[in-house]
Amino acid sequence: MCVWLGLRLERAVEINCSRMEASVILPILKKKLAFLSGGKDRRSGLILTIPLCLEQTSMDELSVTLDYLLSIPSEKCKARGFTVIVDGRKSQWNVVKTVVLMLQNVVPAEVSLVCVVKPDEFWDKKVTHFCFWKEKDRLGFEVILVSANKLTRYIEPCQLTEDFGGTLTYDHMDWLNKRLVFEKFTKESTSLLDELALINNGSDKGTQEKERSVDLNFLPSVDPEMVLQTGHELLSELQQRRFNGSDGGVSWSPMDDELLAQPQVMKLLDSLREQYTRYQEVCRQRSKRTQLEEIQQKVMQVVNWLEGPGSEQLRTQWGIGDSIRASQALQQKHEEIESQHSEWFAVYVELNQQIAALLNAGDEEDLVELKALQQQLSDVCYRQASQLEFRQNLLQAALEFHSVAQDLSQQLDGLLGMLCVDVAPADGASIQQTLKLLEEKLKSVDLGLQGLREKGQSLLDQISNQASWAYGKDVTIENKENVDHIQGVMEDMQLRKQRCEDMVDVRRLKMLQMVQLFKCEEDAAQAVEWLSELLDALLKTHIRLGDDSQETKVLLEKHRKFVDVAQSTYDYGRQLLQATVVLCQSLRCTSRSSGDTLPRLNRVWKQFTLTSEERVQRLETAVAFHSSAEKLLQEHKEMEVKVKEWNSTVEQLEAEALKILLSEDYTEKEHLNLTNQKICLLQEEVCCHMEERKALLQEANDFFNAAGKH
């Protein structure tokens, strides 16, 4: 027995020397070989319960369990002593005795009372063989044998668990889980505090340590935020259980602050918050310094590239090309250069934003350095961007210049090709259309040359305004070549345009003469048509001779005017035909209508002249006829008047004769009747002659009129 106890003592010392953690002995603790229920005896000492079972209990595991449990309470709590309840109701006496003896070696000074709960009437005979009370001085604590129902004599029922008839609730697994959380938090927080203290203290040693970048060696092994969150959750759980008791389910009862370790958790949390706050500031300073160093490094990379390879790329690109294709090739090359610069400009924008953010932070010790870096970076980038923009504008202006030059060259080629083709139009309208097209092309060439001059002058202005900083060196020679090329293109286009203008002047004169020739031919043909129309009108409409002399004289006067119009038309046609001959001689060509127009004109005019003369003769005859007829009619009218007067006289005579005949005193009535009959016969004869004369005059007039209409 002594040897076994010695081994147990060595084992206990070995385990006690090592750091006791629940996670290490978790399988043993889960067996519930012993536990602290939270109950207290009448002296306020903690109650340690050892529930023995029918199975053989491992003393080593029990010793480990006791060592762990006794390491939990504070020294103040330990000083009040423990009351140990050894539940032997399901175990053998020798096991109980071994456990009691083991308590002497494990916790002799901390045990004040050991209550061995015996089975009812089972160990009575064994008491005589071993009395614990006799061994009190040697054991160091009092041992009593008591049944479960009498345990309340020594301990209040509210401090006993339900296994011993008490009301104290205890859940071993819940306690174990909370203990694991507490120990994990304690371990992690303690380790984290050491690491944070090392980092924070190291950052306070000097400026050299301050300037060191935070690498993996200076990062905590665990996340401080996670540890703080775990600690707060644990503290909240402990405080809730302390003030509110159970959560509503089966759980272990609240214990003292020493046992629940609330002060320790709160102290660790306070220390963690303090160290973590310092750590965050250290990290912020180190991050800021690291960021500043990175910014300095990137700024120098940008500046060195822009002033080195970037500027060298621009120095080698000074030409503007001699054609559209060459300018486009230079533009493509420039776009490649811009693409390379864009990557560095993107870095510049990012750096500028970072510097602006640091400047807004307001740390005065870095303001001067940051502003200097920002100014240096901005100056270099703006200067390089200006160079790129100038080069791009120059190439774009050169491309536009060559494009206008090419268009103008094509226009001149088209105009020259048009001038080289001989003009053989079908009529004057086509010549007018060709002349209009020629003028439009010449105007388009003028506008193109004007546009070329404007583009060329603009390009020359850009080149002349180019300073030496544009490529970092004097570029007068290269620019002279560009200037000579631009001026040469403009002079060549001017000469070509002048030659085309001279040819256009000659062609214009020729085409105008041709237009005049066709116009003369058309007008001459029109004159023939007009003269034919006059002849046709003379034959078809100029046939009336008039109803009287006055109307006939009017017709004669109109006919003479009509003849004058025909005469002027004939003269106009002859003049046009003479002009046609002159123009044909000038153009060295033959007119299409000069051969038959003149004979037609003469033939129509001759026919018109004959018809006109015949018309004049007929009208003059009609005038003479109407004059004679009117004279006869006038005489006839006068005769009719005289006949009327004679008839009136006769009627008077007849009336007087009738009176005389009717009177009774007149005797020569036979003579008067005979005279009256002769007068009547004479009157009838005169009337008959007058009617015959009138009928003859009317018949002559009707015949003349009918002849005049035909």
Side-chain angles (χ1 to χ4, degrees), residues 5 8 31-54 57 59 61-63 65-70 72-73 77-170 172 175 252-253 255-256 259:
L5 289 176
R8 296 297 180 273
K31 294 180 180 182
K32 196 180 177 182
L33 300 178
F35 61 88
L36 291 170
S37 64
K40 298 179 182 179
D41 57 20
R42 291 186 173 88
R43 295 175 292 102
S44 297
L46 295 177
I47 297 176
L48 175 63
T49 304
I50 302 175
L52 299 177
C53 57
L54 294 176
T57 301
M59 294 300 135
E61 293 180 351
L62 179 60
S63 177
T65 302
L66 292 174
D67 288 337
Y68 176 74
L69 292 176
L70 293 175
I72 294 175
C77 187
K78 290 179 181 180
R80 292 196 292 265
F82 290 88
T83 293
V84 181
I85 299 177
V86 180
D87 189 1
R89 290 175 294 179
K90 298 179 181 180
S91 181
Q92 298 178 358
W93 167 250
N94 59 345
V95 176
V96 174
K97 182 173 62 175
T98 303
V99 171
V100 172
L101 293 176
M102 185 183 66
L103 291 175
Q104 177 187 10
N105 298 300
V106 176
V107 284
E110 297 172 352
V111 177
S112 58
L113 176 64
V114 176
C115 295
V116 178
V117 181
K118 64 179 182 175
D120 295 336
E121 300 178 358
F122 185 75
W123 287 342
D124 292 342
K125 296 180 181 181
K126 302 291 183 180
V127 176
T128 57
H129 298 284
F130 184 82
C131 295
F132 288 112
W133 64 271
K134 294 181 180 180
E135 301 293 334
K136 179 179 180 181
D137 295 335
R138 185 171 65 87
L139 291 175
F141 50 80
E142 181 181 0
V143 180
I144 61 174
L145 295 175
V146 63
S147 59
N149 56 1
K150 296 180 179 181
L151 192 59
T152 55
R153 296 179 181 178
Y154 306 96
I155 302 173
E156 296 295 333
C158 63
Q159 301 297 324
L160 292 174
T161 60
E162 296 176 353
D163 295 335
F164 304 108
T167 60
L168 181 63
T169 303
Y170 173 74
H172 184 69
W175 172 86
W252 59 301
S253 299
M255 303 179 184
D256 288 344
L259 186 60

S.K.: Less than 4.5 Å apart, side chain to side chain, heavy atoms only: is that true for Val99 and Val116?
M.R.: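 They are not in side-chain contact.
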S.K.: Can you list everything that forms a ring-ring contact (aromatic ring centres under 6.0 Å, His included) with Phe35? Sequence neighbours excluded, please.
M.R.: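 Phe35 satisfies ring-ring contact (aromatic ring centres under 6.0 Å, His included) with Tyr170 once adjacent residues are dropped.
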S.K.: Look up atom CG in Leu62 and atom CG in Leu69, then write down how far apart they are to the nearest 0.5 Å.
M.R.: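 Those atoms lie 9.5 Å apart.
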S.K.: Can you see which heavy atom on Val96 is nearest to which on Gly88, and at what distance?
M.R.: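 Smallest interatomic distance, heavy atoms only, reads CG2-CA, 3.9 Å.
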S.K.: Any side-chain heavy atom of Ile47 within less than 4.5 Å of one from Thr161?
M.R.: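 No; the side chains remain at least 4.5 Å from each other.
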S.K.: Which heavy atom in Leu168 sits nearest to a heavy atom in Cys158, and how many Å separate them?
M.R.: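 The answer is CB-O, 3.5 Å.
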S.K.: Decide yes or no for Ile85 and Leu160: does some side-chain heavy atom of the first lie under 4.5 Å from some side-chain heavy atom of the second?
M.R.: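 They are in side-chain contact.
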S.K.: Which heavy-atom pair separates Gln159 from Lys40 by the least distance, and what is that distance?
M.R.: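 Here Gln159 and Lys40 meet closest at OE1-N, 2.7 Å.
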S.K.: Taking side chain to side chain donor-acceptor pair (under 3.5 Å) as the test, write out the residues that go with Arg43, two or more places apart.
M.R.: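 Only Asp41, Ser112 meet the side chain to side chain donor-acceptor pair (under 3.5 Å) criterion with Arg43.
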S.K.: How close do Val146 and Cys115 get, heavy atom to heavy atom, and via which atoms?
M.R.: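 Scanning both residues completely, I find the closest heavy atoms to be CG1-CB, 4.3 Å.
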S.K.: Using a 4.5 Å cut-off on heavy atoms from C-beta on, say whether the side chain of Leu113 contacts that of Val84.
M.R.: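 A side-chain contact is absent here, since even the closest heavy-atom pair is not under 4.5 Å.
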S.K.: With the side chain counted from C-beta on, respond yes when Phe82 and Leu70 share a heavy-atom pair under 4.5 Å apart, and no when they do not.
M.R.: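 SC-SC contact between Phe82 and Leu70 confirmed.
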S.K.: How many angstroms lie between CG in Asp67 and CD1 in Ile72, if you round to the nearest 0.5 Å?
M.R.: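 Going from the CG atom of Asp67 to the CD1 atom of Ile72 covers 11.5 Å.
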S.K.: Might you work through the side-chain contact (heavy atoms from CB on, under 4.5 Å) test for Phe164 and Thr49, ending with a clear yes or no?
M.R.: CA-CA 11 Å; Phe164 304 108; Thr49 304; 3.9 Å; yes
S.K.: In Å and rounded to the nearest 0.5 Å, what is the NZ to NZ distance from Lys118 to Lys150?
M.R.: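 If I round to the nearest 0.5 Å, the distance is 7.0 Å.
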S.K.: So, using side chain to side chain contact (heavy atoms under 4.5 Å, CB included) as the criterion, who are the partners of Glu61 when residues are at least two apart?
M.R.: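 By the side chain to side chain contact (heavy atoms under 4.5 Å, CB included) rule, Glu61 matches Ile28, Lys31, Leu33, Ser58.
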S.K.: Would you indicate whether the side-chain heavy atoms of Leu46 and Pro73 approach each other to under 4.5 Å?
M.R.: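 A side-chain contact under 4.5 Å exists here.
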S.K.: For Ile50 and Thr65, run side-chain contact (heavy atoms from CB on, under 4.5 Å): C-alpha distance rounded to whole Å, both residues' side-chain angles, the deciding distance at 0.1 Å, then the answer.
M.R.: CA-CA 10 Å; Ile50 302 175; Thr65 302; over 6 Å; no
S.K.: State, to 0.1 Å, how close Leu66 and Ala34 come at their nearest heavy-atom pair, and which atoms those are.
M.R.: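 Heavy atoms only, the tightest pair is CD2-CB, 3.8 Å.
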S.K.: List the atom of Val114, the atom of Val111, and the distance in Å for their closest heavy-atom pair.
M.R.: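 That would be CG2-CG1, 3.4 Å.
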S.K.: How would you list, by chain and number, every residue that makes a side chain to side chain contact (heavy atoms under 4.5 Å, CB included) with Lys90, sequence neighbours excluded?
M.R.: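 Residues passing side chain to side chain contact (heavy atoms under 4.5 Å, CB included) with Lys90: Leu54.
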S.K.: Would you say the side chain of Trp175 lies within less than 4.5 Å of the side chain of Lys32, judging by non-hydrogen atoms?
M.R.: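 Heavy-atom side-chain distance check fails, nothing below 4.5 Å.
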S.K.: Does the side chain of Glu162 come within less than 4.5 Å of Thr167's, by heavy atoms?
M.R.: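 SC-SC contact between Thr167 and Glu162 ruled out.
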